[in-house]
Amino acid sequence: MDEARSSISLEELQQRLTNMMFELHTFLEEQQIEYFLWAGTMLGAVRHKGFIPWDDDLDIGMTRENFRKLLAVADKLPEPYKLRFPGLKGTNSNYPYLYAKLEDTSTLLIEEDIKHLQVQSGMYIDIFVFDGFPENKILGRLHTFRFMYWMQIRMLLLMDPGKSRNKGKQILIQWARKHYSLQQVLERAMIISQRYSLEKMKLITNYSGVYDEMNVILKKEDVVGGEYYLFGKHEFRGLKNPDAVLTSVYGDYRKLPPEEERQGHHRYQLKILK
């Protein structure tokens with residue numbers, strides 16, 4: 001730890017993440033596991049041929065079927081990479097997400113927002129899991145309500161009661177902690193998210209990364225089976241119809257945001273250990 005570097009530039013961070021993505025891409029190709037660039041990473045590939053200049057993370061997605069394949073071979077990942085996911089060996093019991101993280105264990109990263117949970121990790125790539133969603137509007141709303149119920153309890157469990165001055169909220173936090181553990185809540189939410197098999201559905205959604213509202217309901221034909229896109233010096237697999245998906249998620253995604261909004265969206269401490 002005495003030799004650790006406490007900070008790196010954004011350019012170095014992006015380069016390290018790109019190298020990490022290349023190794024993950026190579027591993028997934030060898031294991032015949034399909035994936036696609038997701039969110040701002042896909043946007044960056046389309047608009048910038050690489051990272052959005054001010055972005056500080058890297059996201060990919062895959063279907064539930066492919067994610068299960070990844071879990072089955074997680075122990076074969078090359079060093080220094082480890083997969084973190086609820087219930088997976090080596091994952092902290094306080095891991096708070098429904099999506100996975102591929103972590104570089106030669107680094108140490110502490111996220112400010114969940115610092116009180118004492119969850120330490122390494123520099124990571126987020127891996128979001130996609131499942132089916134019903135076309136019937138009534139079924140869709142009911143499905144969303146059931147899922148969001150558990151996500152609201154999750155939010156209560158993640159709150160630091162010492163930082164809340166709202167007595168009502170403190171009572172809710174205490175109630176949630178008395179009746180549920182974080183692991184129980186995540187398990188129930190995962191069961192609900194897999195209710196509709198993607199093989200039988202025309203719609204697809206990312207339950208694992210959308211907690212405030214289910215606002216990313218997409219056509220399956222626009223998401224899976226995409227081609228390769230240039231990302232820096234490499235080519236990674238992307239969405240089938242990135243224009244349709246990015247428009248649905250971001251609106252006019254080719255228009256740059258105002259300068260004051262051009263900044264990373266994570267607060268963390270990062271140290272390079274090796």
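The side chain to side chain donor-acceptor pair (under 3.5 Å) test applied to R68 returns Q194, not counting sequence neighbours. By the ring pair (Phe, Tyr, Trp, His ring centres under 6.0 Å) test, F130 pairs with F36, W38, sequence neighbours left out. When the ring pair (Phe, Tyr, Trp, His ring centres under 6.0 Å) test is applied to F231, the partners found at least two apart in sequence or on another chain are F51, F236. For L77, the side-chain contact (heavy atoms from CB on, under 4.5 Å) partners are F27, L83, L102, not counting sequence neighbours. A search for side-chain contact (heavy atoms from CB on, under 4.5 Å) contacts involving Q184 returns Y180, S181, not counting sequence neighbours. For Y229, there are no ring pair (Phe, Tyr, Trp, His ring centres under 6.0 Å) partners, not counting sequence neighbours. Not counting sequence neighbours, Y196 has no partner by the side chain to side chain donor-acceptor pair (under 3.5 Å) test. Under the salt bridge (Lys or Arg N to Asp or Glu O under 4.0 Å) criterion, R84 pairs with E103, sequence neighbours left out. Remark: T18 engages no residue in a side chain to side chain donor-acceptor pair (under 3.5 Å) (not counting sequence neighbours). The side chain to side chain donor-acceptor pair (under 3.5 Å) test applied to S193 returns R64, not counting sequence neighbours.
R47 CZ: more than 12 foreign heavy atoms inside a 6.0 Å radius.
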_Stepwise ring pair (Phe, Tyr, Trp, His ring centres under 6.0 Å) test for F67 and F85_ = CA-CA 11 Å; F67 184 66; F85 187 69; 4.8 Å; yes

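The side chain to side chain donor-acceptor pair (under 3.5 Å) contacts involving residues 216-226 comprise D222-N241, where partners must be two or more places apart or lie in separate chains. Pairs passing the side chain to side chain donor-acceptor pair (under 3.5 Å) check and including a residue from residues 70-82, sequence neighbours excluded, read E23-Y81, E79-K82.
No side-chain heavy atom of V224 sits less than 4.5 Å from a side-chain heavy atom of E34.
Rounded to the nearest 0.5 Å, atoms CZ (R237) and OH (Y35) are 7.0 Å apart. Atom CE of M20 is separated from atom CD of Q14 by 15.0 Å, given to the nearest 0.5 angstrom.
Side-chain contact, N66 with T63: a donor N or O sits under 3.5 Å from an acceptor N or O.
Checked against the 6.0 Å centroid criterion, the rings of F147 and Y149 do not qualify as a close aromatic pair.
The only member of V216, T144, L198 that meets side chain to side chain contact (heavy atoms under 4.5 Å, CB included) when paired with F133 is T144.
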